[in-house]
Asker: 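My questions all concern the structure below.
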Amino acid sequence: MSTRHPIFAGNWKMHLTADEVERYAREVCKASLPDAAHCLLFPSFPYLNLLATALQNSSAEVGAQDLHEEDEGAHTGDVSPQQLVDCGCLWVLCGHSERRRDHGEEDALVAAKVRAAWRAGLLPILCLGESLAEREAGTTFDVLARQLESLLDSSARRPSGQEGDLTVAYEPVWAIGTGKTATPEIAQEAHAFLRDRLAHHLGEEAAATVPILYGGSVKPENCGQLYSEADIDGFLIGGASLDPARFLDIIDRCS
Ligand code: PGA
């Protein structure tokens, strides 16, 4: 039996301002969120504290969209793992494809960010996924294996062996913000492959506890079918999470 709790994560990217964040949080506080699921929201850095405070009476949790891989230092414009903790963050995205694209983040750096998150007691979500060209070239599984194993092959494992503190988000780049969603079969195939690679490195038992989220144009209209797949444990939602009603609708339909 799986012990994985579902996770519904809203990635707001570089959207929403203070007023909108406050209004959004009020809607979330009014909603009755399922006990068994994690509901996560990822605002831009300036609103982390504001959102964490506004959600104090809700079970929803706050995460950051990125972090620096070092604990502190001379890195103008960057934010350290401990600073995120101070702002009320529990979660952090590592290696989102837009960070890889806009900031040249490569696998080794992403692995270092996951390790930095662990050191600070944050829960990292490792984002990975193939581009359209990679899918068309038939290299999807090679890409996914490389992106996942750069973390698992390195000294990334926590000394305590708590690899279960890892969450993976499969986000095919061709489905992000394009309106094109992976079919449930395509997504399940990728998720099953990722779980198999996790089992290879961590053992079956540990791999069975790692939540694997799907991301890429998830919306109320397509979430149910995706969610019915065995290895899809929740979603990382961009566009559709900007409207609290649509975000909460997705959670509702999957609960
Ligand atoms: P999307 O974004 O839902 O707008 O496709 C998903 C993501 O980038 O996390």
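In each ligand, atom 1 is the first atom listed, and ligand 1 is the first ligand listed.
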Asker: Using a 4.0 Å cutoff against the non-hydrogen atoms of G177, which atoms of ligand 1 qualify?
Answerer: 1 (P), 4 (O), 5 (O)
Asker: For K219 and ligand 1, answer yes if some heavy atom of the residue is under 4.0 Å from a ligand atom, otherwise no.
Answerer: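 False for this residue.
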Asker: Which atoms of ligand 1 are found less than 4.0 Å from any heavy atom of G216?
Answerer: 5 (O)
Asker: Distance from C87 atom SG to F45 atom CZ, nearest 0.5 Å?
Answerer: 9.5 Å
Asker: With a heavy-atom distance limit of 4.0 Å, tell me whether A175 approaches ligand 1 through its side chain, its backbone, both, or neither.
Answerer: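 Looking at A175 and ligand 1, just backbone atoms fall under 4.0 Å.
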Asker: When you compare the side chains of E171 and H96, does any donor N or O come within less than 3.5 Å of an acceptor on the partner?
Answerer: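 A donor-acceptor contact under 3.5 Å links the two side chains.
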Asker: Of the protein's non-hydrogen atoms, which lies at the shortest distance from atom 3 (O) of ligand 1, and what is that distance?
Answerer: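 Checking every protein heavy atom, the shortest distance to atom 3 (O) of ligand 1 gives G238 N, 2.8 Å.
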Asker: To which protein heavy atom is atom 2 (O) of ligand 1 closest, and what is the distance rounded to 0.1 Å?
Answerer: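 The closest heavy atom on the protein side is K13 NZ, 3.2 Å.
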Asker: Have E149 and H201 got a donor and an acceptor in their side chains that come within less than 3.5 Å?
Answerer: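 On atom types as modelled, these side chains qualify, holding a pair under 3.5 Å.
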Asker: Side chains of D231 and Q188: any donor to acceptor distance under 3.5 Å?
Answerer: yes
Asker: Is there a continuous path of hydrophobic side-chain contacts, each under 4.5 Å between heavy atoms, that joins L248 to F8?
Answerer: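 As far as the 4.5 Å side-chain criterion goes, F8 and L248 are connected within one cluster.
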Asker: Are W12 and V28 joined in one hydrophobic group, where the rule is that I, L, V, M, F, W and Y side chains link up if heavy atoms are under 4.5 Å apart?
Answerer: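 Looking at the clustering, V28 is in the same group as W12.
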Asker: For ligand 1, which atoms, with element, lie under 4.0 Å from some heavy atom of E171?
Answerer: 6 (C), 7 (C), 8 (O), 9 (O)
Asker: Not counting sequence neighbours, which residues clear ring pair (Phe, Tyr, Trp, His ring centres under 6.0 Å) with H15? List them please.
Answerer: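 Ring pair (Phe, Tyr, Trp, His ring centres under 6.0 Å) check on H15 returns nothing, list empty.
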Asker: Got a sec, which residues hit ring pair (Phe, Tyr, Trp, His ring centres under 6.0 Å) with Y47, two or more places apart in sequence or on another chain?
Answerer: none
Asker: List every atom of ligand 1 that sits less than 4.0 Å from any heavy atom of N11, numbering the atoms from 1 in the order shown and giving each element.
Answerer: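 By the 4.0 Å cutoff, the relevant atoms are 9 (O).
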Asker: At a 4.0 Å threshold, what atoms of ligand 1 neighbour a non-hydrogen atom of G239?
Answerer: 1 (P), 3 (O), 4 (O)
Asker: Does I176 approach ligand 1 within less than 4.0 angstrom via side chain, backbone, both or neither, non-hydrogen atoms only?
Answerer: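 Both parts.
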Asker: With a cut-off of 4.0 Å, which atoms of ligand 1 are near a heavy atom of S217?
Answerer: 1 (P), 3 (O), 5 (O)
